[in-house]
J.: 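Once you've had a glance at the structure underneath, I'll fire off some questions.
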Amino acid sequence: MSSSVLYDAPGPKARVRNIVFTVVGSAAVLGLIVFAIYRLNVKGVLEPEVWNIFNNAGVRANIRDGVLSTLKVFALAGVLSLVLGLLLAVARLSDHKPVSLLATGFIELFRAVPLLITIYALWVVFLSYKDDLGVVGENTAFWALVIGLTVYNGCVQAEVLRAGINAVPRGQVEAAYALGLRKTQVMTMLLVPQAVRSMLPTMISQLVVTLKDTSLGYIITYAELLYAARTMANNIIVNGENPITAVVIVVGAIYIALCLALSSLATWIEKRGRRAKTGIAVAAAAEPAEAPGVLDASEGPLGPVAAAPEAPGVPVAPADEVAGSAAGGQADPRDGDESDGPDAPGGPGGPDLGKK
Amino acid sequence: MNVLLDHLPEFREGFIGTVLLTLASGLLAMVLGVVIAGFRVSPIAPLRFFGTAWVTLFRNTPLTLLFLVAWFVVPVIFAPGLNPWTKALLALGFYTSAFVCEAVRSGINTVPLGQAEAARSIGMTFFQTLRLIVLPQATRTVIPPLSSIFIALTKNSAIAGAFSVTELFGVQKLLSDKGFAIAWIFLWVAIGYLVITFTISGLFRLLERRMGVAR
């Protein structure tokens with residue numbers, strides 16, 4: 001059996017055809033690479049002088065500072081968004097109607113508005129009340145970026161956590177109430193720990209998004225990695241030109257390395273959680289869905305009766321729906337039975353991107 | 001209220017710009033994404049490699065960086081003389097295509113094994129299997145993630161506004177530079193985006209219901 005369901009173990013004819021396609025395919029891919037290198041060469045990007053700038057201590061310090069300020073924003077926004085996410089998730093599931101309505105409105109508004117719009121609006125507000133804001137006023141772009149990221153990602157994390165909480169079997173909640181636990185105890189001792197455990201891969205994937213979104217600081221002129229690199233490239237002249245391409249390649253490599261490291265952590269936790277026999281299923285290491293949930297029928301407080309795990313409002317699909325595997329480009333044929341049910345994976349409101 | 005009424009033409013243009021940019025780059029992303037998903041499941045190793053590299057590259061790069069590449073690298077190195085709209089289209093389309101590719105690929109993987117086996121056993125080739133058997137069935141599972149991807153695309157298109165393409169974020173920037181109260185501008189721009197994202201999710205729900213088949 002070959003690696004994919006889509007094609008058979010090749011016979012003699014197919015093997016010849018595959019070889020032909022392999023040659024043509026490699027030639028095309030190689031051609032693309034060669035063309036890119038040729039063009040880079042023609043434009044003088046591959047000259048040794050251009051790359052020599054990275055030996056300069058000032059350039060290195062610039063890039064290091066850029067990475068550090070990106071990580072600073074990421075760390076602060078990541079932690080704050082997890083805290084805000086927890087608060088919002090609990091608030092949305094609250095029995096008190098005003099609290100849950102307020103949280104729902106907040107989540108739906110800021111999740112639907114592009115992050116850049118929020119960040120920019122915050123920046124303008126901070127700039128106009130600069131003198132009254134103390135710490136925030138001294139570094140408006142930084143705080144606009146951090147608070148914008150926190151608000152947006154907090155809302156997404158809240159939805160992820162809520163999905164995790166809703167996935168806890170209602171029998172457990174009933175058992176807890178039968179034992180005489182209070183509402184707060186049920187939430188803090190039973191629901192949240194299980195939700196966090198099962199949703200950890202998705203939450204880390206959202207943190208990857210947070211990390212990528214720190215680059216929006218470029219637009220509000222906060223000196224994170226991208227902005228630092230861009231201004232630096234503008235100030236250097238090698239062979240009569242700004243080495244923007246070289247700098248962009250280096251910065252891109254740094255971003256990709258950071259994101260890959262973080263998302264492989266998510267995949268690792270997902271794999272490890274999958275082996276465990278206890279607890280509710282671990283979610284996929286995929287970015288959570290974007291669909292607005294206002295129209296969902298499954299709203300409502302999580303009292304003694306928890307929403308059923310397959311409630312249509314669950315924004316993140318359960319774990320067994322992740323389709324991709326870590327096996328590089330190989331397709332990952334799954335059990336036929338699994339996807340035979342009427343509930344196609346990623347059912348209503350529960351889409352799910354397979355993680356590489 | 002006044003900001004909206006006094007600047008209705010700007011808001012309208014921005015709204016239309018966002019819608020057009022989303023539609024066009026969504027189309028580009030769909031085409032690229034499906035083709036590359038095909039690469040990723042194909043029996044040809046170099047193409048599989050290409051697909052994997054593509055997805056890894058574009059999923060892990062911040063969109064802002066892609067915009068920088070589209071603005072300052074692509075015109076110099078590859079194709080000079082692109083207008084901003086095309087550059088934004090390319091950046092958004094390429095970025096989103098990686099996500100579309102992953103969605104389509106996981107959709108392909110959810111089609112029951114027996115279907116592809118049956119297709120093969122009656123003598124269909126790889127392309128026939130994919131085109132006639134697997135992709136039509138994968139469509140159903142791919143629709144919910146696609147809706148999510150298009151909503152994300154709508155929101156991502158705001159970055160184009162920062163790079164001087166006419167759309168809703170550009171309107172926000174323009175009007176706040178003119179000194180109008182940011183709260184109202186924010187509200188109206190947010191409502192503009194809400195209209196688009198709700199329309200997308202509504203359309204996809206409709207599509208889902210129409211294509212849903214009781215099995």
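Lettering follows sequence order; numbering is per chain, from 1.
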J.: Which heavy atom in Ala190(B) sits nearest to a heavy atom in Leu109(A), and how many Å separate them?
T.: CB-CD1, 4.5 Å
J.: Would you check if Phe186(B) and Val125(A) make a side-chain contact, meaning some heavy-atom pair closer than 4.5 Å?
T.: no
J.: If I measure from the heavy atoms of chain A, does Phe163(B) come under 4.5 Å with its side chain, its backbone, both, or neither?
T.: side chain
J.: Got a second to check how far Ile19(A)'s CD1 is from Ile44(B)'s CD1, nearest 0.5 Å?
T.: 11.5 Å
J.: Quick check on Ile249(A) against chain B: is it the side chain, the backbone, both or neither that has a heavy atom closer than 4.5 Å?
T.: neither
J.: Which atoms of Leu57(B) are under 4.5 Å from chain A, going by heavy atoms: the side chain, the backbone, both sets, or neither?
T.: both
J.: Measuring heavy-atom distances to chain B, does Thr118(A) have an atom under 4.5 Å in its side chain, in its backbone, in both, or in neither?
T.: both
J.: Give the member of Val69(B), Ile196(B), Ile159(B) that has the highest number of heavy-atom pairs under 4.5 Å with chain A.
T.: Ile159(B)
J.: For Leu68(B), is it the side chain, the backbone, both or neither that has a heavy atom under 4.5 Å from a heavy atom of chain A?
T.: side chain
J.: Decide yes or no for Leu47(B) and Phe21(A): does some side-chain heavy atom of the first lie under 4.5 Å from some side-chain heavy atom of the second?
T.: no
J.: Let's test your reading of the structure: which of Val113(A), Ile256(A), Leu258(A) forms the most heavy-atom pairs below 4.5 Å with chain B?
T.: Ile256(A)
J.: For the interface with chain B, which of Ala121(A), Ala36(A), Gly252(A) has the highest count of heavy-atom pairs at distances below 4.5 Å?
T.: Ala121(A)
J.: Which one wins on heavy-atom pair count under 4.5 Å against chain B: Leu40(A), Val45(A), Val209(A), Leu226(A)?
T.: Leu226(A)
J.: At a heavy-atom separation under 4.5 Å, does Ile219(A) approach chain B through its side chain, its backbone, both, or neither?
T.: side chain
J.: Which answer fits Ala257(A), side chain, backbone, both or neither, if we ask what part of it has an atom under 4.5 Å from a heavy atom of chain B?
T.: neither
J.: List the atom of Lys155(B), the atom of Arg111(A), and the distance in Å for their closest heavy-atom pair.
T.: NZ-O, 2.6 Å
J.: Roughly how far, to the nearest 0.5 Å, is OG1 of Thr64(B) from CZ of Arg230(A)?
T.: 13.0 Å
J.: Tell me, yes or no, whether the heavy-atom count around Glu10(B) atom CD, taken from other residues, nucleotides or ligands under 6.0 Å, exceeds 12.
T.: yes
J.: Can you give me the closest heavy-atom contact between Arg59(B) and Lys212(A), atom names plus distance?
T.: O-NZ, 2.6 Å
J.: Restricting to non-hydrogen atoms, name the atom on Val76(B) and the atom on Lys43(A) that form the minimum distance, rounded to 0.1 Å.
T.: O-CE, 3.1 Å
J.: From Tyr255(A) OH over to Leu66(B) CG, what is the distance, rounded to the nearest 0.5 angstrom?
T.: 11.5 Å
J.: Tell me, out of Leu216(A), Val251(A), Leu115(A), who's got the most heavy-atom pairs with chain B below 4.5 Å.
T.: Leu216(A)
J.: If you measure from CZ on Arg48(B) to OG1 on Thr22(A), what distance do you get to the nearest 0.5 Å?
T.: 9.0 Å
J.: A side-chain contact here means heavy atoms from C-beta on lying under 4.5 Å apart; do Pro114(A) and Asn156(B) qualify?
T.: no
J.: Give the minimum heavy-atom separation between Ala112(A) and Leu194(B), together with the two atoms involved.
T.: CB-CD2, 3.2 Å
J.: Can you classify the ring geometry of Phe169(B) versus Tyr120(A) as parallel (below 30°), tilted (30 to 60°) or perpendicular (above 60°)?
T.: perpendicular
J.: Please give me the minimum heavy-atom distance between Gly25(A) and Pro46(B), naming the atom from each residue.
T.: C-CB, 4.1 Å
J.: Please flag which part of Leu65(B) lies under 4.5 Å from any non-hydrogen atom of chain A: side chain, backbone, both or neither.
T.: both
J.: With a 4.5 angstrom heavy-atom cut-off, could you sort out which part of Thr61(B) is near chain A: side chain, backbone, both or neither?
T.: both
J.: Heavy-atom distance under 4.5 Å between the side chains of Ser263(A) and Asn60(B), does that happen here?
T.: yes
J.: Is there a side-chain contact between Phe72(B) and Thr245(A), using heavy atoms and a 4.5 Å cut-off?
T.: no
